[in-house]
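These notes concern the structure reproduced below.
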Amino acid sequence: MKIVPIGKINKKDIESFDCGVDALNDFFKKYAIQNDKKNIGKTFVCSNEKEIVGFYTLSNAQIAFNELSGSLAKGLPRYPIPCIRIARLAVDKKYQNEGKGSFLLRDALLRIVNLSFQTGIYFVIVDAKDSSKSFYEHYGFIKLNDVDLTYLLAVETIKKAIK
């Protein structure tokens, strides 16, 4: 399997992708390429020799200091904290429950760590779906608050896990 920027993928291959979630399918088929070209979000596509297995999209983000609770805010300045958002992550139905989501997440996190040596990134943010919250919790993401499904993971935590 290989992961490449969406610009290197044949548009026809994108049309056959189906992860079972309409919002993710629609994003991938209708908006991922144009968002990539406009530099709004960068999508990376995992494929095998035959077809697309999955994808993820990264974009810049920030989180207001006052949105962070006690331990998350400790030692941070009182202005917006730089982050990278995993805006979308999906695996085609044919490949679900085979560890492909973990493979995509690992690639995304390694890419983010590499970026962190070039620019300030304190947290990775994910807006999970009800169906994916346990996936992110399994990898150490912490729920931001009780209201929504926003999860955070400190880049330093990722760096320590890599070592």
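Atom set for the values below is all heavy atoms of this structure, side chains included, hydrogens, waters and symmetry mates excluded.
Once rounded to the nearest 0.5 Å, the distance linking NZ of Lys143 with CG of Leu152 reads 12.0 Å. With values rounded to the nearest 0.5 angstrom, Ile84 atom CD1 is found 6.0 Å from Ile112 atom CD1. Note: Cys46 SG to Asp92 CG = 11.0 Å, rounded to the nearest 0.5 Å. With rounding to the nearest 0.5 angstrom, the CG atom of Leu104 is 5.0 Å from the CG atom of Leu89. Put simply, OG on Ser16 and NZ on Lys50 are 12.5 Å apart, with the number rounded to the nearest 0.5 Å. Considering CD of Gln96 and NZ of Lys100, their distance stands at 11.5 Å, rounded to 0.5 Å.
Pairs of residues two or more places apart, or lying in two chains, that qualify as side-chain hydrogen bond (donor to acceptor under 3.5 Å, both in side chains) and include a residue from residues 57-74 are Thr43-Thr57. Residue pairs meeting the ring-ring contact (aromatic ring centres under 6.0 Å, His included) criterion with at least one member in residues 54-80, sequence neighbours excluded, are Phe17-Phe55, Phe28-Phe55, Phe44-Tyr56. Applying the side-chain hydrogen bond (donor to acceptor under 3.5 Å, both in side chains) rule to pairs touching residues 112-121 yields Ser116-Lys159, sequence neighbours excluded. The list of salt bridge (charged side-chain N to carboxylate O under 4.0 Å, His left out) pairs with a residue in residues 114-132, not counting sequence neighbours, reads Arg85-Asp127. The stretch residues 101-124 participates, sequence neighbours left out, in no ring-ring contact (aromatic ring centres under 6.0 Å, His included) pair at all. The salt bridge (charged side-chain N to carboxylate O under 4.0 Å, His left out) pairs that include a residue from residues 10-30 are Asp18-Lys93, where partners are two or more places apart or lie in different chains.
Hydrophobic clustering places Phe27 together with Ile6 (ILVMFWY residues linked when any side-chain heavy atoms are closer than 4.5 Å, directly or through intermediates). Tyr95 and Val45 are members of different hydrophobic clusters when ILVMFWY side chains are connected at heavy-atom separations under 4.5 Å. In the hydrophobic clustering of ILVMFWY residues, with side-chain heavy atoms under 4.5 Å counting as a link, Ile52 and Leu24 come out apart. Residues Tyr31 and Ile86 do not share a hydrophobic cluster, defined by chaining ILVMFWY side chains whose heavy atoms lie under 4.5 Å apart.
The distance between the ring centers of Tyr136 and Phe141 falls below 6.0 angstrom.
Between the side chain of Asn25 and the backbone N or O of Cys19 there is at least one donor-acceptor pair closer than 3.5 Å.
Salt bridge present: Glu51 and Lys94 bring a charged side-chain N and a carboxylate O closer than 4.0 Å.
Across all their heavy atoms, Phe135 and Tyr139 have their closest contact at O-CD1, 3.1 Å.
Using a 4.5 Å heavy-atom threshold, the side chains of Ile158 and Val124 count as touching. Residues Leu68 and Leu144 are in side-chain contact: their nearest non-hydrogen atoms beyond the backbone lie under 4.5 Å apart.
For Asn10, the CG atom sits in a packed shell: over 12 heavy atoms of surrounding residues, nucleotides or ligands are nearer than 6.0 Å.
For the residue pair Lys42 / Asn39, a side-chain donor-acceptor distance below 3.5 Å is found, with atom types taken as modelled.
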